[in-house]
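Below: the structure, in structure tokens.
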Amino acid sequence: MITKASPIAVFDSGVGGISVLKELTALLPSENFRYFGDSANAPYGTKTTEQVLELTKKHIGRMIAEGAKAAVIACNTATSAAAEVLREMYPDTPIIGIEPALKTAALLGNHPRVLVMATPMTLRLEKFNRLLEKYQDHGDIHLLPCNGLVERIEAGKLFSADMEEFLAELLAEYILDPVDSVVLGCTHYPFVRPVIQKLLGEKVKIIDGSLGTAKELKRRLESADLLNTDDTQGSIVFENSKNTEEVIDLCKRLFSVEI
Ligand code: DGL
């Protein structure tokens with residue numbers, strides 16, 4: 001039976017969704033969370049839409065069947081590929097996704113120069129392209145598919161020389177010709193925010209969509225009368241398809257990293 005104490009499923013292709021989980025637990029400290037990362041199959045962003053749809057259906061479906069009262073797809077790529085289908089499959093379960101915070105960036109200042117970093121799949125699919133159509137006249141918007149970045153973050157070496165070199169090459173054009181803001185359109189990327197900030201300069205505003213997702217989860221729980229209003233601290237369980245001690249340790253370490 002679903003109760004207010006039932007867990008909230010949080011899902012990502014790997015460890016990236018922990019950046020969203022941090023925001024969820026900050027806003028909803030009494031809730032019980034079950035985080036599942038599919039690191040064995042990461043990255044999702046270079047797979048086919050059908051592959052990501054099937055993997056996301058499988059994992060979220062299992063967590064709902066096992067008693068989750070709501071599900072957060074803490075992955076821009078999986079949200080683009082699967083959120084609509086999942087909402088049709090589970091009309092009684094609040095299912096919240098995440099999308100690149102382009103609206104926030106585009107409406108900040110006068111015709112800002114904005115860089116959107118995301119996976120190739122997120123930038124290709126209809127969901128993002130509808131969003132882009134809506135806001136493209138508000139600014140000078142540049143799209144940067146970041147192949148290879150998720151794999152590096154999954155490896156857990158966030159502040160290595162290799163990471164800095166990789167990002168310097170990826171961002172070369174924008175180091176020379178600065179932008180006003182950067183949208184982190186993949187939930188893995190907030191973990192390397194300090195490296196991106198250092199390369200692009202302190203003036204650049206770096207934006208992600210986690211807070212919007214957390215607020216939407218709260219609204220949806222309230223309207224379904226599922227918000228846990230206990231005074232006690234909720235629990236967090238980390239699970240991963242790799243199922244090794246190393247990956248669970250990485251999850252815990254990332255959860256405590258300041259982003
Ligand atoms: N965290 C996922 C996202 O937000 C990364 C997808 C991937 O595994 O490529 O898009």
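Indexing begins at 1, ligand by ligand and atom by atom, following the structure's order. Only heavy atoms go into these numbers, but all of them, side chains included; no hydrogens, no water, no symmetry mates.
In this structure, R34 is not positioned above the aromatic face of F238 in the sense of NZ or CZ being under 6.0 Å from the six-membered ring centre and within 45° of the axis.
Residue contacts with ligand 1, taken as heavy atom pairs separated by less than 4.0 Å, involve V150 solely via side-chain atoms from C-beta onward. Residue contacts with ligand 1, taken as heavy atom pairs separated by less than 4.0 Å, involve C186 via backbone and side-chain atoms alike.
Near T119, meaning under 4.0 Å from any of its heavy atoms, are these atoms of ligand 1: 6 (C), 9 (O), 10 (O). Every atom of ligand 1 with a heavy atom of Y44 under 4.0 Å away is listed here by number and element: 7 (C), 8 (O), 9 (O). Ligand 1 places these atoms under 4.0 Å from at least one heavy atom of D12: 1 (N), 2 (C). The ligand atoms of ligand 1 that sit less than 4.0 angstrom from a heavy atom of G45 are 7 (C), 8 (O), 9 (O).
Among all protein heavy atoms, the one lying closest to atom 2 (C) of ligand 1 is C75 SG, 3.1 Å. In terms of protein heavy-atom proximity, atom 10 (O) of ligand 1 is closest to T77 OG1, 2.6 Å.
Taking the side chain as every heavy atom from C-beta outward, D208 and V20 never approach each other to under 4.5 Å.
In this structure, F191 CZ and L184 CG are separated by 11.5 Å, a value rounded to the nearest 0.5 Å.
Formation of a donor-acceptor pair under 3.5 Å by the T79 side chain with backbone atoms of C75 is found in this model. Formation of a donor-acceptor pair under 3.5 Å by the N240 side chain with backbone atoms of I248 is not found in this model.
Below 30°, between 30° and 60°, or above 60°: for F11 and Y44 the angle between ring planes is between 30° and 60°, a tilted geometry.
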